[in-house]
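Working notes for the structure below.
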Protein chains: 2
Amino acid sequence: MVNKNKTLLNEIKEILKSKDIKPSYQRIMVYNYMKNHRNHPSVDTIFKAISGSIPTLSKTTIYNILNFFAKKGIVDTLTIDKNEVRYDFIKTPHAHFMCKICGEIFDIHLKSDVCLKDFVEGHKVEDAHVDFKGVCKGCL
Amino acid sequence: MVNKNKTLLNEIKEILKSKDIKPSYQRIMVYNYMKNHRNHPSVDTIFKAISGSIPTLSKTTIYNILNFFAKKGIVDTLTIDKNEVRYDFIKTPHAHFMCKICGEIFDIHLKSDVCLKDFVEGHKVEDAHVDFKGVCKGCL
DNA sequence: ATTTCAATCTGTAATGAGTTCAATTACATA
DNA sequence: TATGTAATTGAACTCATTACAGATTGAAAT
Ligand SMILES: [Mn+2]
Ligand SMILES: [Mn+2]
Ligand SMILES: [Zn+2]
Ligand SMILES: [Zn+2]
């Protein structure tokens, strides 16, 4: 069990190296968290989740790592929540639904091609987001 | 000229009354600004623009009015800019493009129906936004 | 006209996400 | 082992937004 966990972290280390990212323990742990959670976490959520494993962890480090990961294309930055930035471990283009009651963000899989445009009305597109807000299934 | 301006402000007063909104001078001026600008302004932009006409104006009042207008459906709240909320004087559903260089937000008119859904995957939709980010025509 | 009362406005203080920065630590290489 | 660069840390800071309490407004009621 411990050995298996160690193997998984070593896999992440190799992934980071292959992307020209120095695999610090902090970066490995953030990557591991993102890989295993689909909750579109905020910096604070990640901090609370992994600071137990890294007693000296600084929240600034989480900010640094996520900004770096975003630049490297490992995570996507979601501005759907006006209170704090949320992050997504990108797989494929998809939309999001954020519940105004519980704050949860759900993945939505639409048959829409708006996420795949290179240009719109002459502007060069680098990111595309389809965001819904309302009341989620569970809160209805 | 002055008379015509006064007539326009009186028209706004009637519009607000018809929506069960007490037509204070501050509210009329914010409405008038939104009606005449398509720049998706922030609170600060509106404050700077109209505080000359209202010497005692408080920025808190702009926050109050915009939150109130949003609740009444007069303006739409855009979270595309992670630094500050931007507001839109709604006409019809449309998408937005925000330039990462100059910060300007452009209206985009797509032939997409994603903005018109009532439910997605069981969740009740109240707002829908299609947001693009990149480099605008002018900054390219 | 004066009183009354709720709604609105104002300004200051508090909150909290995110950034800056200088000092410390980790780690690869010589 | 010594050195140098990159990463981490934590405190101070910025700045958008909210909370709050007192002042002002304006429309009834008397
Ligand atoms: Mn997602
Ligand atoms: Mn618009
Ligand atoms: Zn919910
Ligand atoms: Zn631009």
Side-chain angles (χ1 to χ4, degrees), chain A residues 9-10 12-14 16-17 19-31 33 40-72 74-75 77-87 98 103 105, chain B residues 9-10 12-14 16-17 19-31 33 40-72 74-75 77-87 98 103 105:
Chain A
L9 296 188
N10 261 320
I12 293 174
K13 186 183 278 193
E14 293 309 314
L16 292 178
K17 277 202 246 177
K19 292 175 187 290
D20 275 319
I21 297 173
K22 265 193 195 172
S24 71
Y25 187 57
Q26 290 86 341
R27 284 171 177 175
I28 291 169
M29 294 304 277
V30 170
Y31 190 99
Y33 181 90
H40 309 91
S42 64
V43 161
D44 195 61
T45 300
I46 299 172
F47 179 77
K48 286 190 169 73
I50 69 177
S51 60
S53 315
I54 316 173
T56 62
L57 184 64
S58 166
K59 201 175 275 188
T60 301
T61 299
I62 309 290
Y63 280 104
N64 289 337
I65 291 174
L66 287 171
N67 285 336
F68 189 54
F69 280 6
K71 202 166 60 186
K72 289 285 188 176
I74 291 172
V75 298
T77 300
L78 306 185
T79 60
I80 188 172
D81 182 348
K82 76 174 168 186
N83 298 310
E84 53 186 356
V85 171
R86 309 272 295 252
Y87 294 92
M98 177 169 177
I105 296 178
Chain B
L9 295 188
N10 262 320
I12 293 174
K13 185 182 278 192
E14 293 309 315
L16 292 179
K17 277 202 246 177
K19 293 176 188 288
D20 273 319
I21 297 172
K22 265 193 196 172
S24 71
Y25 187 57
Q26 291 87 340
R27 285 172 175 173
I28 291 169
M29 294 305 277
V30 170
Y31 190 100
Y33 181 90
H40 307 93
S42 64
V43 161
D44 195 61
T45 300
I46 298 172
F47 179 76
K48 286 189 169 73
I50 70 177
S51 60
S53 315
I54 316 174
T56 63
L57 184 64
S58 166
K59 200 176 275 188
T60 301
T61 299
I62 309 291
Y63 279 102
N64 289 337
I65 289 173
L66 287 170
N67 286 336
F68 188 55
F69 279 6
K71 202 165 61 184
K72 289 286 188 176
I74 291 172
V75 297
T77 300
L78 306 185
T79 60
I80 188 172
D81 182 348
K82 75 174 166 186
N83 298 310
E84 54 183 358
V85 172
R86 308 273 294 251
Y87 294 91
M98 178 171 176
I105 296 177

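Note that these values count all heavy atoms, side chains included, but never hydrogens, waters or copies made by symmetry. Proteins come first, then strands; the chains are lettered A, B, ... in the order of their sequence lines, and each starts at number 1. All values reported here derive from a predicted model rather than from experimental measurement.
Side-chain contact between A:Val75 and A:Val30 is absent, with no heavy atoms from C-beta onward closer than 4.5 Å. Between A:Asp81 and B:Thr79, every side-chain heavy-atom pair lies at or beyond the 4.5 Å cut-off. Put simply, the side chain of B:Ile46 does not reach to within 4.5 Å of the side chain of B:Ile65, judged on heavy atoms. In this structure, B:Tyr87 and B:Val43 have side chains that are in contact, with non-hydrogen atoms separated by less than 4.5 Å.
Summarising the geometry, atom CD1 belonging to A:Ile21 is positioned 12.0 Å from atom CD1 belonging to A:Ile12; distances are rounded to the nearest 0.5 Å. From B:Tyr63, atom OH reaches atom OG of B:Ser58 across 10.5 Å, with rounding to the nearest 0.5 Å.
In summary, contact between chain B and DNA chain C, defined as any nucleotide atom under 4.0 Å from a heavy atom of the protein, begins and ends at C:dA7 to C:dT12 in the 5' to 3' direction. The outermost nucleotides of DNA chain D lying under 4.0 Å from heavy atoms of chain A, listed 5' to 3', are D:dA6 to D:dA11.
With sequence neighbours excluded, no residue forms a ring pair (Phe, Tyr, Trp, His ring centres under 6.0 Å) with B:Phe69. For B:Phe47, there are no ring pair (Phe, Tyr, Trp, His ring centres under 6.0 Å) partners, not counting sequence neighbours. With sequence neighbours left out, the salt bridge (Lys or Arg N to Asp or Glu O under 4.0 Å) criterion links A:Lys17 to A:Glu14. A search for side chain to side chain donor-acceptor pair (under 3.5 Å) contacts involving A:Tyr33 returns A:Asn39, not counting sequence neighbours. For A:Thr45, the side chain to side chain donor-acceptor pair (under 3.5 Å) partners at least two apart in sequence or on another chain are A:Ser42.
Among residues at least two apart or in separate chains, there is no salt bridge (Lys or Arg N to Asp or Glu O under 4.0 Å) pair with a member in residues 20-31 of chain A. Applying the salt bridge (Lys or Arg N to Asp or Glu O under 4.0 Å) test to pairs two or more places apart or on separate chains, those with a residue in residues 50-59 of chain A are A:Asp44-A:Lys59.
With hydrogens and angles disregarded, no donor-acceptor distance shorter than 3.5 Å links the side chain of A:Arg86 to the backbone of A:Leu78.
Remark: nothing in residues 19-30 of chain A comes within less than 4.0 Å of DNA chain C through any heavy atom. Taking every heavy atom of residues 54-68 of chain B and every atom of DNA chain C, pairs under 4.0 Å involve B:Thr56, B:Leu57, B:Ser58, B:Thr60, B:Thr61, B:Asn64, by number.
Direction of the helix axis in the helix from C:dA1-D:dT30 to C:dA30-D:dT1 shifts by 10° between the two five-pair termini, rounded to 10°.
Across all their heavy atoms, A:Ile105 and A:His40 have their closest contact at O-ND1, 3.1 Å.
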